[in-house]
Amino acid sequence: MYDWAVLWEWVEIAVRWTHVITAIAWIGSSFYFIALDLGLRKTPSLPPLAHGEEWQVHGGGFYHIQKYLVAPDMMPEHLTWFKWESYATWLSGFAMLALVYYLGAELFLIDPNVMELQVWQAVAISVASLAFGWLVYNTLCRVFVNADQTLLMVALFGVLVAMAWFYTQVFSGRAALLHLGAFTASIMSGNVFFIIMPNQRIVVADLKAGRKPDPKYGKIAKQRSTHNNYLTLPVIFLMLSNHYPLIFATEYNWIIASLVFLMGVTIRHWFNTKHARGGSPHWTWGVTALLFVVIAWLSTAPMRTVPEPEAALGGAALRHASAAGFEDVVSIVQGRCSMCHATEPAWDGMYWPPKGVVLETPAQIAQEAKRIYMQAGVTHAMPPGNLSYMEPEERLAIIRWFRAAGLGGVEG
C-alpha cells in the first residue's frame, strides 16, 4: 500500500537524484574549464586577440580550443552558455533542504539540547544565513578587489570558520554541517548568477553593438570561477557528512568542518598546478594527509562529553509515543535494533551507533518513528541482513503503530 510516507520518500529520492545529477554536471564543467584555462598555451599561429590554445584528444577525436580574454572580432553564430548546471544544482539542493530539514525540522534541524527553537525560527535562521553568506562574501570581494587574492581567501576562510561555529551553536550537528555546505554552495551559485553571467552578458552586448568590451568583466568572472573551484571539494564533503556521525556528532565538529576547507585548497592546488604544467607539488598530499589525521583524531579525542538529558517530546514524536502499539514497538526495537543503535553498541567491532541514531529509550524511538517505519517496516533494510532475526509479525507491528499515529506519513 502506497501511503503518504512512502510517496513522500519517493519525492525525496527524485529530488535528491536530480540534485546529484545536476551537481555532477556543474562540478564536471567547472573542473574541466579550470583545467583547460590553466593548460592554455600561446603559439605563433594564434589568431589576433586570442589568448591561448589547447589541443585535446577524447572519444576518438581531436579538439582544438582557443580562448579570447575579452571577445573575438565577431559574435559566433552558436554560443554555448554554462549556467543551468549551477542554477539547477542550487534549486534542487534547496528543495532537498526544505523537504528534509524544514518539513522534518523536529527530527533533523532542531536539537533542543543545542538551542530551543520553534520550527519557524529554525527555518528563518537557515534561510537568512544563506542570504547573509552571499552578502558577506560579495562585500569581501569588493573590498579586496585590488588586494592580494590570498588575503581575500584568508578573510573568506575566517567567515567560514565563524559560520561553522555558529551553525553548531544553533542546529543539530547533522544540520549544522549540512548548512555550512549549503552556505558555501549558495556563494558558488551566487557567483554564477550575480557576477559571472551578468558580466558575460555585458561583453556579448558590447560585441553585438560594435563596442570594444572592457576586459575587467572577464577578469572578475575568472576570479569568481577560481573561488568556486577551490570551494567545490569541501562542499561535497559537507554534503556527505550527514552519513557519518564521526564527522557531525562530535564535540569538535565545527573545527573538523573548518579543516576540510583547508584540505580542499591543498587538493585543488595540486591538480591546478599540474594542469598549469607547473610540476607536481607533492607536499600538498602530505599536508592533506596530516589534516585528515588531525580530523580523525578530533572526531574521537574528547571522549568526555556528558550526554544531555532527553528533551520533552513534542509534535510528531509525542503523537507516535501516544499511538496504539507503541509499547510493543519499543520492545521490538530494543530487542532487535538497540544492540547496534546504542550510545555504546554491544555489537563486536562497532564503536558508535550507525548514522548517529540511538534507539535505547522510548523517547528516542518515538523521535525516530519515520526512519524505523521506512527502514524496518515498509522495507527490510534494517536490521542489516536481518542479523537479529526480526520477524514478519514484528515488521507488521511497526507498520500498524506508525499508521495508528494518524499523521499520513509526512512529519514536520
Side-chain angles (χ1 to χ4, degrees), residues 23 27-28 30-31 34-35 38 133 137 140 144 147-169 173-185 187-188 223 225-305 349-356:
I27 294 169
S30 174
F31 280 9
I34 288 293
L38 291 171
Y137 164 77
L140 286 175
F144 292 103
D148 183 353
Q149 291 305 294
T150 301
L151 184 61
L152 171 59
M153 294 304 290
V154 170
L156 175 58
F157 178 67
V159 171
L160 293 171
V161 172
M163 289 306 299
W165 179 85
F166 168 77
Y167 280 133
T168 58
Q169 306 306 304
R174 184 192 305 270
L177 267 62
L178 189 283
H179 271 77
L180 185 62
F183 178 92
T184 310
I187 289 174
M188 295 168 63
Q223 176 203 51
S225 182
T226 301
H227 291 174
N228 284 1
N229 180 256
Y230 280 97
L231 293 174
T232 298
L233 294 181
V235 169
I236 295 175
F237 186 100
L238 293 169
M239 292 306 180
L240 295 175
S241 68
N242 67 94
H243 296 286
Y244 300 97
L246 278 178
I247 299 174
F248 70 80
T250 63
E251 184 176 353
Y252 298 129
N253 51 6
W254 68 275
I255 300 179
I256 290 174
S258 301
L259 294 179
V260 166
F261 283 98
L262 297 182
M263 284 202 300
V265 170
T266 55
I267 293 171
R268 286 312 306 168
H269 180 71
W270 187 86
F271 280 101
N272 291 343
T273 303
K274 285 284 290 183
H275 294 320
R277 299 179 177 91
S280 299
H282 295 300
W283 63 267
T284 58
W285 294 108
V287 173
T288 303
L290 178 61
L291 288 170
F292 194 85
V293 169
V294 172
I295 286 173
W297 176 77
L298 284 172
S299 69
T300 57
M303 290 297 187
R304 62 175 182 272
T305 303
M350 187 175 290
Y351 301 101
W352 46 82
K355 306 291 186 183

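The shortest heavy-atom contact between S225 and I34 is OG-CD1, 3.9 Å. Nearest heavy-atom pair across L177 and L238 is O-CB, 3.7 Å. Here the closest heavy-atom approach between residue P245 and residue P354 is recorded as CG-C, 4.4 Å. Across all non-hydrogen atoms, the minimal contact from V235 to M188 is CG2-SD, 3.9 Å.
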### Task
Show the numbers, then the answer: is there a side chain to side chain contact (heavy atoms under 4.5 Å, CB included) between F144 and L156?
CA-CA 11 Å; F144 292 103; L156 175 58; over 6 Å; no
### Worked check of side chain to side chain contact (heavy atoms under 4.5 Å, CB included) between T273 and T284
CA-CA 11 Å; T273 303; T284 58; over 6 Å; no
### Query
Given the rule in the side chain to side chain contact (heavy atoms under 4.5 Å, CB included) test, do Y137 and V159 qualify, once you have shown the distances and angles that lead to the verdict?
CA-CA 8 Å; Y137 164 77; V159 171; over 6 Å; no
### Stepwise side chain to side chain contact (heavy atoms under 4.5 Å, CB included) test for M263 and I295
CA-CA 10 Å; M263 284 202 300; I295 286 173; 3.7 Å; yes
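Using modelled atom types, one finds no donor on one side chain facing an acceptor on the other under 3.5 Å when comparing T250 with S299.
Taking 4.5 Å as the limit, every side-chain heavy atom of T300 sits out of range of all side-chain heavy atoms of Y351. Between L259 and I256, every side-chain heavy-atom pair lies at or beyond the 4.5 Å cut-off. Two residues are said to be in side-chain contact when any heavy atoms from C-beta on lie closer than 4.5 Å; W254 and V161 meet this criterion. The side-chain heavy atoms of K274 and S280, taken from C-beta on, include a pair separated by under 4.5 Å. Side-chain atoms of I27 and I236, non-hydrogen and from C-beta on, do get closer than 4.5 Å to each other. Side-chain atoms of L38 and F271, non-hydrogen and from C-beta on, never get closer than 4.5 Å to each other. Looking at heavy atoms from C-beta onward, L152 lies in side-chain contact with H227 at the 4.5 angstrom threshold. Proximity of F237 to I247: side-chain heavy atoms (C-beta onward) are separated by under 4.5 Å at one or more points.
Listed by first and then second residue, the side chain to side chain donor-acceptor pair (under 3.5 Å) pairs involving residues 228-244 are N191-N228, N229-R268, N229-N272, Y230-N272, H243-K355 (not counting sequence neighbours).
The number of heavy-atom neighbours closer than 6.0 Å to CZ of F157, taken from other residues, nucleotides and ligands shown, is above 12. Within 6.0 Å of atom CH2 in W270, more than 12 heavy atoms from other residues, nucleotides or ligands are found, so the atom counts as buried in its surroundings.
A perpendicular orientation is assigned to the rings of F183 and Y167, their planes being inclined by more than 60° (bins at 30° and 60°).
Once rounded to the nearest 0.5 Å, the distance linking CG of L231 with CE of M153 reads 5.5 Å. Residue N253 holds its CG atom at 10.0 Å from CG of L180, rounded to the nearest 0.5 Å. Atom CG of residue L262 and atom CD1 of residue I267 lie 11.0 Å apart, to the nearest 0.5 angstrom.
Listed by chain and residue number, W283 satisfy the ring pair (Phe, Tyr, Trp, His ring centres under 6.0 Å) test with H269 (two or more places apart in sequence, or in another chain).
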